[in-house]
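Notes for the one structure printed next.
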Amino acid sequence: MDSNETRRTQIHDFKPEREHFRTEVLNGLRRAQKELPSKYFYDERGSYLYERICSLDEYYPPRTEIAIMKTYIKEIVELLGPNIRLIEYGCGNCVKTRILLDHLPDISIYVPIDISVEQLRHVSQELISHYSGLEVLPVCADYTSNFKLPAPKRPGNRTVVYFPGSTIGNFDPASAKNFLEHIASVCGPGGALLIGVDLKKDPNMLHRAYNDREGVTAAFNLNLLERINRELNGDFQLDSFQHYAFYNPGESRIEMHLVSLRDQIVHLGDLIITFTKYESIWTESSYKYNLDDFKQLAANAGFKVEKVWTDEWQWFSVQYLVKTSD
Ligand code: AVI
C-alpha cells in the first residue's frame with residue numbers, strides 16, 4: 001500500500017489494476033467467446049466518457065436516480081440514521097453522494113472506494129474541503145477483491161453501504177449474489193445497504209440508452225482497446241472494431257460487444273490474438289430487474305428490502321436493504 005498524499009487526503013491504494021489487468025485481459029481474449037471485464041472501462045478517459053454518457057438524453061438512469069434521491073431524501077436519511085459510517089462502492093464523481101452528504105449533517109465517516117485513482121484523488125479533495133467535519137477515507141481498490149478497510153479515528157453508530165448507479169446490473173446473477181453477500185458481511189450487525197437498481201422496461205428505450213446518437217457509448221466501449229494498446233503494448237486498430245449493444249430479453253440484460261469488422265491479427269506484446277470477421281469481444285452486461293426478482297436476490301444474499309422508491313414510470317429504483325440476522 002502506498003500513501004503519497006497529505007494526511008487528510010491520504011489514499012489507501014491497493015493498486016488494483018496494475019496487478020490484474022494483464023492477466024484478466026489475456027484470459028478473457030483466450031476464451032471461445034472473447035470477453036473483457038467491464039470494470040476496466042474506467043481509466044481517465046473512460047471515466048470522462050462515462051460522465052458524458054451520464055448527461056446524455058438517451059441514458060435515463062442517472063437523472064432518474066438523482067430525481068428519486070432528491071424527492072425522497074428526507075425519508076432516506078431518516079432510515080440511514082445519525083452518525084453513520086458510509087461506505088461507497090465505485091464512487092465515481094460522487095454526484096449522488098453529495099445529495100446524501102448535504103442532508104446527513106451528522107455523518108461521521110465516508111469511505112469512497114473506486115478503481116480509478118485519478119477520480120478518487122479529485123473527489124476526495126473536493127469533499128474534504130466542502131464537508132469540514134467529515135472524515136474521508138478514500139480507498140483505491142477493485143471492490144470485488146478482498147482488501148482491508150481503513151480504520152476511522154472514531155467509530156460511527158453503524159455502517160451503511162451505498163451502491164448507486166445500478167452497477168449491481170454489471171454483475172451476472174451469481175456474482176451479484178456473491179457481491180451482495182460480501183456487502184452484508186462488510187455492513188456487520190445492524191448494517192444496511194442503499195442501492196440503485198435499474199428496472200426492466202421497453203427494450204427500445206434500453207436500446208437507445210446504449211446506442212446514443214452522438215456515439216459516446218461507442219467511444220466508451222472502444223476506449224478499452226485503446227487502453228489495452230497503451231498499457232499492454234497492444235496494436236488493436238480501433239477502426240477495425242465496432243460498438244454493438246442490444247437488449248437480450250431472455251436474459252434481461254443489455255450486452256455490449258466490440259465486433260471485429262474483418263479477419264485480423266492483434267498483438268499484445270509477444271502474444272498473438274486472431275479474430276475472424278464479425279467475431280465479438282463481449283465487454284459488458286447490464287442486467288435489468290423487476291422488483292420481485294431483486295427482492296429474491298437480496299434475500300438470498302442476507303438482506304431484507306425494507307423500502308423501495310421509484311420514479312413515476314418505474315424505470316429505476318432506489319432501495320433500502322437491511323441485513324438480516326445470520
Ligand atoms: C456503470 N453501469 C451501471 C453502466 C450501465 O448502464 O450498465 C455502464 C454503462 N455502459 C454503457 N453505458 C453505461
Side-chain angles (χ1 to χ4, degrees), residues 35-43 45-66 68-69 88-97 112-116 119-120 123 142-144 162-173 175-176 179-180 183 194-227 241-248 251-259 280-289 294 297 311 315-319:
E35 55 185 58
L36 291 169
S38 58
K39 65 187 175 189
Y40 292 120
F41 280 139
Y42 304 91
D43 64 353
R45 182 167 153 75
S47 301
Y48 159 76
L49 288 168
Y50 183 60
E51 273 189 36
R52 279 192 57 200
I53 289 175
C54 288
S55 59
L56 292 168
D57 270 0
E58 296 101 322
Y59 192 66
Y60 61 87
R63 65 168 186 279
T64 314
E65 185 173 22
I66 288 170
I68 297 169
M69 294 287 293
E88 180 168 3
Y89 287 86
C91 63
N93 61 10
C94 289
V95 170
K96 293 154 207 152
T97 324
I113 306 169
D114 208 280
I115 198 164
S116 163
Q119 178 105 333
L120 197 60
V123 296
D142 169 357
Y143 53 70
T144 58
Y162 186 39
F163 195 35
S166 201
T167 306
I168 193 67
N170 298 131
F171 292 72
D172 65 54
S175 314
F179 189 58
L180 290 177
I183 292 181
L194 184 68
I195 185 168
V197 182
D198 198 10
L199 303 177
K200 288 186 190 178
K201 59 183 60 62
D202 179 351
N204 289 311
M205 182 175 172
L206 286 170
H207 190 270
R208 283 193 294 275
Y210 293 82
N211 290 281
D212 64 278
R213 285 160 297 179
E214 273 183 67
V216 185
T217 310
F220 173 71
N221 201 1
L222 283 159
N223 179 59
L224 191 47
L225 301 186
E226 217 165 308
R227 177 175 189 180
F241 287 86
Q242 183 178 268
H243 166 73
Y244 178 56
F246 62 95
Y247 183 64
N248 177 338
E251 300 290 342
S252 310
R253 68 183 177 218
I254 285 282
E255 289 185 22
M256 278 204 338
H257 294 254
L258 288 164
V259 176
S280 82
I281 311 172
W282 189 351
T283 51
E284 187 177 65
S285 296
S286 193
Y287 284 83
K288 309 302 169 189
Y289 287 92
F294 193 78
L297 172 66
D311 53 285
W315 286 345
F316 201 92
S317 65
V318 175
Q319 310 201 15

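Counting convention: from 1, in listed order, for ligands and their atoms alike. Sequence positions, counted from 1, serve as the residue numbers for this chain.
With sequence neighbours left out, the side-chain hydrogen bond (donor to acceptor under 3.5 Å, both in side chains) criterion links S38 to no other residue. The salt bridge (charged side-chain N to carboxylate O under 4.0 Å, His left out) check on E51 picks up nothing, with sequence neighbours excluded. In this structure, the side chain to side chain contact (heavy atoms under 4.5 Å, CB included) partners of E251, at least two apart in sequence or on a different chain, are N248, R253.
For Y48, the OH atom sits in a loose shell: 12 or fewer heavy atoms of surrounding residues, nucleotides or ligands are nearer than 6.0 Å.
By the 30° and 60° cut-offs, the orientation of the rings of H257 relative to W282 is parallel.
Although no hydrogens or angles enter the test, the distance criterion places a donor-acceptor pair under 3.5 Å between the side chain of E65 and the main chain of G165.
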Inventory of protein N or O atoms under 3.5 Å from ligand 1 N or O:
| unit_1 | atom_1 | unit_2 | atom_2 | d |
| --- | --- | --- | --- | --- |
| ligand 1 | 2 (N) | N170 | OD1 | 2.9 |
| ligand 1 | 6 (O) | Y59 | OH | 2.4 |
| ligand 1 | 6 (O) | Y210 | OH | 2.5 |
| ligand 1 | 7 (O) | N170 | ND2 | 2.9 |
| ligand 1 | 7 (O) | S286 | OG | 2.7 |
| ligand 1 | 10 (N) | E284 | OE1 | 2.6 |

